[in-house]
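Remarks on the structure that follows.
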Number of protein chains: 2
Amino acid sequence: MESRIDKIKQQLQSQGYKLTPQREATVRVLLENEEDHLSAEDVFMLVKDIAPEIGLATVYRTLELLSELHVVEKMNFGDGVARYDLRADNNKHHHHHLICLQCGTMSEILEDWLGPLEERIEQEYGFTVKDHRLDFQGICADCKAKNDQPKIEQ
Amino acid sequence: MESRIDKIKQQLQSQGYKLTPQREATVRVLLENEEDHLSAEDVFMLVKDIAPEIGLATVYRTLELLSELHVVEKMNFGDGVARYDLRADNNKHHHHHLICLQCGTMSEILEDWLGPLEERIEQEYGFTVKDHRLDFQGICADCKAKNDQPKIEQ
DNA sequence: CTAAATGCAAACGCTTTGCAATGTT
DNA sequence: AACATTGCAAAGCGTTTGCATTTAG
């Protein structure tokens, strides 16, 4: 666990970036919330617990930096809010999202199902895929279960 | 062609919405630029040629309305700008995007390649897919060709 | 010591909203 | 006439930036 942090530290330093307490705190928060897709504001609030003096701008700058280093992945889902995800090591992300239109929950498909499609794109379009993004909108299993029960409201 | 407009008119009116000149002009612009992915600002400027008195807010409101009626589809691609696409009739959109990281060009794959994946999601996750979005980032054929030529600058 | 990084607050760009005026049915 | 719709300008939101100050290397 600590090795993850160290690795990211190294990655920062090897690129000539300074290792500030704010950056470390931000990375720590990202590691501790790897499951979630945190917005900058989310990260900010969590980081403030560790490093209360931090400013929101610094969080944005750090997330941007980590994004450039491919340590985190910056995503958006239709709502105008960027969300940040730690990348598993330095791999391409390659997971897909299931976003429930009813409750807003987002779950993930961790496998990458797009390999064959990417080959096809290379061949048919001469387009070399570097990354992709696949989101599905729909109704999750939980909501479908709830919908089958008699409704109380609205 | 005119029938497309009429159909949308009907759709508006059948839902109790009034058909104002501004709305008609907006729809007309969308029809005439079906190929493109226009931003609200884009639409605004094009509509002003037909209906110079229109306000940007009205364009936003109209696009939002059309979006609710599933006449257009509201999309975003990472940059904080919503783009709007007329839906072919009332079908799901089902096309995918190839976004070049080098020149920013976006082209489309018009087929839907995700049918089998959506079935799999239904079965493995109990999630009913209503819509999806698939974007590929990479290097387009044109840029690859350019990259093979000797570089002049930078 | 020096350049990079920070915090703050102001500016930003896109989008939404309040409201009085207007227009459709 | 009644109500939806409009235009305008102001506000809202997440994000970025300018700048003086601090801090890591």
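Computed from heavy atoms alone, side chains included, the values below leave out hydrogens, waters and symmetry copies. In the text below, chain A, chain B and the rest are named by the order of the sequence lines, each starting its count at 1.
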### Query
Just how far, in rounded Å, is P of dT15(C) from CG of D42(B)?
10 Å

### Query
Should Q13(A) be listed as having a side-chain N or O under 4.0 Å from OP1 or OP2 of dG25(D)?
yes

#### Entry: Single hit among L46(B), V43(B), D42(B) for side-chain contact (heavy atoms from CB on, under 4.5 Å) with N33(B)
L46(B)

### Nucleotide nearest I54(B) (side chain, heavy atoms from C-beta), chosen from dG7(D), dT15(C), dT15(D)
dG7(D)

### Query
Once you round it to whole Å, what is the distance between P of dG14(D) and CG of D79(B)?
18 Å

### Task
Considering just the side-chain nitrogens and oxygens of Y60(B), establish if one lies under 4.0 Å of OP1 or OP2 belonging to dT15(C).
yes

### Message
Whether R28(B) and E32(B) form a salt bridge (side-chain N of Lys/Arg under 4.0 Å from carboxylate O of Asp/Glu) is what I want to check.
### Response
no

### Message
Measuring to OP1 and OP2 of dT5(D), would you say a side-chain N or O of R23(B) lies under 4.0 angstrom away?
### Response
yes

#### Entry: Interatomic distance, E53(B) CD vs dA21(C) C1' [rounded to whole Å]
14 Å

### Task
On DNA chain C, check which nucleotide each of G80(B) and A57(B) is closest to and give me the residue with the more 5' one.
G80(B)

#### Entry: First encountered from the 5' end of DNA chain D, between L56(A) and R61(A)
L56(A)

### Message
Taking D85(A) first and then R83(A), would you say they form a salt bridge - that is, a charged N and a carboxylate O separated by under 4.0 Å?
### Response
no

### Message
By the 4.0 Å heavy-atom rule, please label E41(B) as base, sugar-phosphate, or nothing.
### Response
nothing

### Message
Using whole Å, what does the distance between atom C1' of nucleotide dC13(D) and atom CZ of R83(A) come to?
### Response
14 Å

### Query
Tell me: CG of L63(B) to P of dT5(D), nearest whole Å?
15 Å

### Message
Whole angstroms only, please: what is the CZ-C1' distance between F44(A) and dC8(C)?
### Response
11 Å

#### Entry: Approximate separation, where rounding is to 0.5 Å, of E35(B) CD and L86(B) CG
11.0 Å

### Query
Please give, in whole Å, the distance from dT16(C) P to E68(B) CD?
11 Å

### Query
To the nearest Å, how far apart are L38(A) CG and dG14(D) C1'?
16 Å

### Message
Looking at K48(A), I want to see if its NZ is surrounded by more than 12 non-hydrogen atoms of other residues, nucleotides or ligands under 6.0 Å.
### Response
no

### Task
Would you indicate whether E53(B), at its atom CD, is surrounded by more than 12 heavy atoms from other residues, nucleotides or ligands within a distance under 6.0 Å?
yes

### Message
Short of 4.0 Å, heavy atom to strand atom, which residues of residues 14-21 of chain A count as contacting DNA chain C?
### Response
Y17(A), K18(A), T20(A)

### Query
Hey, are D6(A) and S3(A) close enough side-chain-wise for a donor-acceptor pair under 3.5 Å?
no

### Message
Please classify the nucleic acid contact of Q22(A) as base, sugar-phosphate, or nothing, using heavy-atom distances under 4.0 Å.
### Response
sugar-phosphate

